[in-house]
Amino acid sequence: MKLALIGGGNIGRFLLQSINKDCLIPNAKIIGLHTRRQEQAKELSREFHAEIFADVESLLKSEADLVIEAATVEAVEEYAASILLSGKDLVVSSVGALADQEFYHCLEEICVLNNTKIHLPSGAIGGLDVLKAAKAIGELDSVAIITRKPPQALPGAPLDGEKVLFEGSAAEAIKLFPKNINVSIILSLAGLGAENTGVKIISDPAVRKNSHTIEAAGSFGKLSLQVENDPMPNNPKTSYLAALSILASLKNRDEIIRVG
């Protein structure tokens with residue numbers, strides 16, 4: 001499997017290390033990358049033997065079968081359609097871009113017409129299989145997520161005490177906290193949609209890690225799941241589980257027997 005990468009930050013470097021050096025996905029290699037920071041691109045290219053593409057248009061002419069976005073919501077908005085139109089599959093890290101229903105359905109139509117697929121890693125949460133199972137028969141009644149983070153991870157959060165910064169829908173949350181609430185969007189896509197997924201964001205100076213509590217109810221019963229995320233070893237601002245879930249999505253793509 002030949003892969004191309006957009007983004008050269010912590011997650012991008014992790015994927016290059018895991019795939020090109022540690023060979024954690026058999027017969028797979030990231031053959032090329034694009035990042036707007038040229039010095040960073042040169043460093044990554046030398047270290048991981050991946051070709052530099054000056055722009056996404058040239059990347060799409062490469063032999064890559066699949067493109068991994070590990071950059072920003074803006075990168076998804078700008079490049080996703082052209083990637084899928086080129087006949088390449090796409091792994092989306094910045095799932096917040098898909099909170100826009102018009103954009104989501106546009107990409108969906110492109111996939112149908114071009115026989116391409118979008119892969120959405122589960123990110124920093126779990127429990128998605130339960131939601132999808134209940135949703136499949138129309139018997140998922142409610143979904144909510146409570147996110148608790150240290151104030152340093154939330155813009156404008158007070159440092160002197162616990163505070164609820166937001167309470168409302170996932171659709172509203174992604175507009176106000178675009179870099180902090182990707183998890184609510186992947187949850188809403190698996191469940192009841194962004195407008196019907198409840199979100200509460202709490203700033204808490206007593207915690208050192210991000211935690212997410214998912215609560216759902218339906219004909220299956222009730223789900224209550226708490227995930228406490230460790231940061232990536234080399235960067236405390238990035239969830240290690242989010243990076244691992246992208247790697248897992250790539251591994252599962254070619255599995256003969258899939259779980260879940």
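The analysis underlying the following values was restricted to heavy atoms, covering all of them including side chains, and did not include hydrogens, waters or symmetry mates.
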- Please, which pairs that meet salt bridge (Lys or Arg N to Asp or Glu O under 4.0 Å) have at least one residue in residues 49-66, sequence neighbours excluded? Lys2-Glu63
- Quick one: do Ile25 and Ile31 end up in the same hydrophobic cluster if we chain Ile, Leu, Val, Met, Phe, Trp and Tyr together by side-chain heavy atoms under 4.5 Å apart? no
- Show your working on side-chain hydrogen bond (donor to acceptor under 3.5 Å, both in side chains) between Gln40 and Thr35 and close with a plain yes or no. CA-CA 8 Å; Gln40 181 188 59; Thr35 175; 3.0 Å; yes
- Message: Do Ile146 and Phe177 sit in one hydrophobic cluster, given that two such residues count as connected whenever their side-chain heavy atoms are within less than 4.5 Å of each other, even indirectly?
- Response: no
- Is it true that a side-chain atom of Thr197 and a backbone atom of Ala194 form a donor plus acceptor pair closer than 3.5 Å? no
- Item | Lys/Arg N to Asp/Glu carboxylate O, Asp89 vs Arg253, below 4.0 Å | yes
- Between Asn20 (side chain) and Ile30 (backbone), is there a donor-acceptor pair under 3.5 Å? yes
- Is Phe220 reachable from Leu128 through a run of I, L, V, M, F, W or Y residues, each pair having side-chain heavy atoms under 4.5 Å apart? yes
- Hydrophobic cluster identity match, Leu187 and Phe166, side-chain contacts under 4.5 Å: yes
- Can you tell me if CG on Asp22 sees more than 12 non-hydrogen neighbours from other groups inside 6.0 Å? yes
- Message: Assigning hydrophobic clusters by single linkage (Ile, Leu, Val, Met, Phe, Trp, Tyr; side-chain heavy-atom cutoff under 4.5 Å), is Ile6 placed with Leu85?
- Response: yes
- Message: Please evaluate residues Lys117 and Glu108 with respect to the criterion salt bridge (Lys or Arg N to Asp or Glu O under 4.0 Å), reporting the C-alpha separation (whole Å), side-chain torsions for both, the decisive distance (0.1 Å), and the verdict.
- Response: CA-CA 9 Å; Lys117 292 183 179 181; Glu108 194 173 37; over 6 Å; no
- Step through the shown structure and confirm whether more than 12 heavy atoms of other residues, nucleotides or ligands are within 6.0 Å of NZ on Lys21. yes
- Query: Are side-chain N/O atoms of His119 and Ser249 paired as donor and acceptor at under 3.5 Å?
  - Reply: no
- Query: With the threshold set at 4.0 Å, does a side-chain nitrogen-carboxylate oxygen contact exist between Glu43 and Arg13?
  - Reply: yes
- Do Ser211 and Glu228 have side-chain atoms, one donor and one acceptor, less than 3.5 Å apart? no
- Query: If every non-hydrogen atom of Leu107 is compared with every non-hydrogen atom of Ile118, which pair is closest and at what distance?
  - Reply: CB-CD1, 3.8 Å
- Message: According to salt bridge (Lys or Arg N to Asp or Glu O under 4.0 Å), does anything in residues 209-226 pair up with another residue at least two apart or in another chain? List the pairs.
- Response: Lys209-Asp230
- Could you tell me which non-hydrogen atom of Leu189 sits nearest to which non-hydrogen atom of Leu120, and how far apart they are? CD1-CD1, 3.6 Å
- Query: How long is the span from the CD1 atom in Ile11 to the OG atom in Ser93, to the nearest 0.5 Å?
  - Reply: 4.0 Å
- Query: Salt bridge or not for Glu162 and Lys149, using N-O below 4.0 Å?
  - Reply: no
